[in-house]
**Student:** 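Here's a structure for you.
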There are 2 protein chains.
Amino acid sequence: MTQINLASMSALGQAKARQTSHDALFDCPELHGVPMPFRRNAEIYGEGEPADYVYKVLSGSVRSYKVLGDGRRQIIGFHLPGDILGLDCEAEHSCSAEAIADCQVLLVRRTTLLNVAEHDIDVARSLWTSTALHLKRAHEHSLLLIKSAQERLAAFLLDIAHRLSVKNEVDLPMSRQDIADYLGLTIETVSRTFTQLSEASVIEFLASRRILVRNPAMLAEMNG
Amino acid sequence: MTQINLASMSALGQAKARQTSHDALFDCPELHGVPMPFRRNAEIYGEGEPADYVYKVLSGSVRSYKVLGDGRRQIIGFHLPGDILGLDCEAEHSCSAEAIADCQVLLVRRTTLLNVAEHDIDVARSLWTSTALHLKRAHEHSLLLIKSAQERLAAFLLDIAHRLSVKNEVDLPMSRQDIADYLGLTIETVSRTFTQLSEASVIEFLASRRILVRNPAMLAEMNG
DNA sequence: CGTCTTCTTGAGCCACTTCAAGGTAAGTGG
DNA sequence: CCACTTACCTTGAAGTGGCTCAAGAAGACG
């Protein structure tokens, strides 16, 4: 019987996810899925489009987001290898998704997944736990959006570092604009706050998207 | 076979929910649950506590929220009659819940619900759709938090009016402080913005918590 | 090398917050 | 019925954190 691996979907467990990538949702033989490449900035799906597929990131990274009429954009989350996206319960996607960099994504037909879930209790359970975990993350994101700019960036750095740092070094896949739209700030404020953290020796810039976390404890303290 | 009623859980379908209240989650005979009363401001469950029960509001209203170390509070959502809460996938609740006014809440043991879901595909499906709908609302809430104060209040009023207005009249169950903490604003800003909407004849105050929506179209336009 | 994109920095401004005071409504006891 | 209390809401004035506008620096790439 396939073991559900909660860690594979938790915000703090991504690194492990790539090693022990086993969750019933995509490991079930009936749900092998089709790998598909997406180019940088290519749309994977759009808000309001039929939600025919569920996706799993194999390599690269993906952003999911919603936009307002005047173009303001809120990035809902960043999806790294091992992450699942597109799990809407309605017939249409409630947000859009784009490739941040060239990436490989596994596609499974939604109807297939739901049919399998009708018989395979592991898949059904995994479907629910995955969605519930996304819900938990969404609630944490809401909490983030009432914090100060410094607190938001600290929270972001802690999260992303847990997910893909190697020896406290992080290679950010996303632009400053993406970070700004995720944190509900402007690109200028993100840049300035990065500079402050750097001046306080909490982090160090090896390159504009390559960060060394010098003082994780201080980051955690800033997070509130 | 029990029909899942998506509308019973949608933000826009609460009024209907109270009439046609049928969803597999609590209508299954094995899951009749225990009604329990809660006094105004009483805690229903706290963040980090064991998530032993799942709840359904029968009467009154409930707020669920998260707090930061220094006391800042983000209200995740308001739960009105027919709404379900406490559907966490982990062993502990990821947010707290309190009664806004005296209320009656139905309790079902989490383990019972999960056990039933193992056999009853309708319950399993309902468990997922309910969680996915909460997820959708959480994403909409994130989008709300990047808007201006006027837009936030307009969005709030439209939502609450859809959920519990009778002939464009709404009786707000929650205080200004609750509204402020839901919208990520201060109580003063909420009050001032209410006054603006009133002066613009978009709404009219019959009492401080009793609102007549004069111009829903204008509200929708303000929402962005 | 030039061009394009991305990122940083500065200066001024504004929406919302903070701080402070007063008003309103409901309940309580004399 | 009125004085008093308490909780909640509104309004004003001043302050500020992040935004806007503007310019330039640093990379990426052909």
Side-chain angles (χ1 to χ4, degrees), chain A residues 39-41 63 68 70-74 100-102 144-157 170-200 203-211 222 224, chain B residues 39-41 63 68 70-74 98-102 144-157 170-200 203-211 222 224:
Chain A
R39 289 235 165 274
R40 192 171 110 96
N41 293 329
R63 58 179 170 253
L68 291 174
D70 62 0
R72 277 172 291 177
R73 181 180 67 157
Q74 172 65 238
I100 290 177
D102 293 358
L144 184 150
L145 294 175
I146 65 166
K147 296 182 183 182
S148 72
Q150 252 200 16
E151 292 169 327
R152 292 185 206 195
L153 205 60
F156 167 75
L157 284 172
V170 189
D171 232 325
L172 297 175
M174 72 290 284
S175 69
R176 296 290 190 268
Q177 187 65 63
D178 284 340
I179 298 172
D181 288 349
Y182 177 68
L183 299 179
L185 299 169
T186 58
I187 183 177
E188 294 95 333
T189 299
V190 169
S191 185
R192 273 186 260 268
T193 308
F194 265 137
T195 303
Q196 286 168 26
L197 291 179
S198 175
E199 283 168 350
I203 59 172
E204 180 182 336
F205 278 99
L206 308 175
S208 85
R209 292 195 185 185
R210 184 151 191 85
I211 295 175
M222 283 176 159
Chain B
R39 291 235 165 272
R40 192 172 110 95
N41 293 328
R63 59 179 169 254
L68 291 173
D70 62 0
R72 277 173 290 176
R73 182 180 67 158
Q74 173 64 238
E98 285 173 356
I100 290 176
D102 292 357
L144 184 150
L145 293 175
I146 66 165
K147 296 182 182 181
S148 72
Q150 250 198 21
E151 291 168 328
R152 293 186 207 195
L153 206 59
F156 167 74
L157 284 172
V170 190
D171 232 326
L172 297 175
M174 71 292 282
S175 69
R176 297 290 190 270
Q177 187 64 63
D178 284 340
I179 298 172
D181 289 350
Y182 178 68
L183 299 179
L185 300 170
T186 59
I187 185 176
E188 294 95 332
T189 300
V190 169
S191 185
R192 275 186 258 267
T193 310
F194 265 137
T195 303
Q196 287 169 26
L197 292 180
S198 175
E199 282 169 351
I203 60 173
E204 180 183 335
F205 279 99
L206 309 175
S208 85
R209 292 195 186 183
R210 183 149 192 85
I211 295 175
M222 283 176 158

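Letters A, B, ... are given to chains in the order of the sequence lines, protein chains preceding strands, and every chain is numbered from 1. What you see below is based on every heavy atom in this structure, not just the backbone, and it leaves out hydrogens, waters and symmetry mates.
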**Student:** Figure out the CZ/C1' separation between A:Phe194 and D:dA25, and round it to whole Å.
**Tutor:** 18 Å
**Student:** Whole-Å distance between D:dA25 P and A:Phe205 CZ?
**Tutor:** 19 Å
**Student:** Can you check the A:Asp181 CG to C:dC7 P distance for me, whole Å?
**Tutor:** 12 Å
**Student:** Does this structure show an ion pair linking A:Asp102 with A:Arg39, if we count only N-O contacts that are shorter than 4.0 Å?
**Tutor:** yes
**Student:** On DNA chain D, does the nearest nucleotide to B:Asn41 precede the nearest nucleotide to A:Ala207 from the 5' side, or the other way round? Give the residue.
**Tutor:** B:Asn41
**Student:** Do any N or O atoms from the side chain of B:Arg176 and from the backbone of B:Val190 form a donor-acceptor pair under 3.5 angstrom?
**Tutor:** no
**Student:** Closest approach to the side chain of A:Arg192, judged atom by atom: which nucleotide of D:dC19, C:dC16, D:dA13 is it?
**Tutor:** D:dC19
**Student:** Report yes if a side-chain nitrogen or oxygen of A:Thr195 is closer than 4.0 Å to either non-bridging phosphate oxygen (OP1 or OP2) of C:dT8; otherwise report no.
**Tutor:** no
**Student:** Once rounded to the nearest 0.5 Å, what's the spacing between atom CG of A:Leu185 and atom OG of A:Ser191?
**Tutor:** 12.0 Å
**Student:** Roughly how many Å is it from CZ in B:Arg210 to P in D:dC8, rounded to a whole number?
**Tutor:** 20 Å
**Student:** Taking atom CZ of B:Arg40 as the centre, report whether more than 12 heavy atoms of other residues, nucleotides or ligands fall under 6.0 Å from it.
**Tutor:** no
**Student:** Without decimals, in angstroms, what is the distance between B:Gln196 CD and D:dT10 P?
**Tutor:** 13 Å
**Student:** Rounding to a whole Å, what distance do you find between B:Ile187:CD1 and D:dG12:C1'?
**Tutor:** 16 Å
**Student:** Tell me: CG of B:Leu183 to P of C:dA15, nearest whole Å?
**Tutor:** 18 Å
**Student:** From CE of B:Met174 over to P of D:dC8, roughly how many Å is that when rounded to an integer?
**Tutor:** 14 Å
**Student:** Consider the side chain of A:Ser191, meaning its heavy atoms from C-beta on, and name the nucleotide among C:dT8, C:dC7, C:dA11 that approaches it most closely.
**Tutor:** C:dT8
**Student:** Just to confirm, is there a sub-4.0 Å distance from OP1 or OP2 of C:dT17 to any side-chain nitrogen or oxygen of B:Thr189?
**Tutor:** yes
**Student:** Among the candidates C:dT6, D:dC8, C:dA11, find the nucleotide nearest to the side-chain atoms of A:Arg209.
**Tutor:** C:dT6
**Student:** C:dT8 phosphate, OP1 or OP2: any side-chain N/O from A:Ser208 under 4.0 angstrom?
**Tutor:** no
**Student:** Do the side-chain N or O atoms of B:Arg176 get closer than 4.0 angstrom to the phosphate oxygens (OP1, OP2) of D:dT10?
**Tutor:** yes
**Student:** Need one value for B:Arg40: base, sugar-phosphate or nothing, where a base atom within 4.0 Å counts as base even if backbone is also close, heavy atoms only.
**Tutor:** sugar-phosphate
**Student:** Should B:Arg73 and B:Asp178 be marked as a salt bridge (charged side-chain N to carboxylate O under 4.0 Å, His left out) after you check the CA-CA gap, both sets of side-chain angles, and the distance that decides it?
**Tutor:** CA-CA 9 Å; B:Arg73 182 180 67 158; B:Asp178 284 340; 2.9 Å; yes
**Student:** When you measure from the side chain of B:Glu188, which nucleotide among C:dT18, D:dC9, D:dC19 comes out closest?
**Tutor:** C:dT18
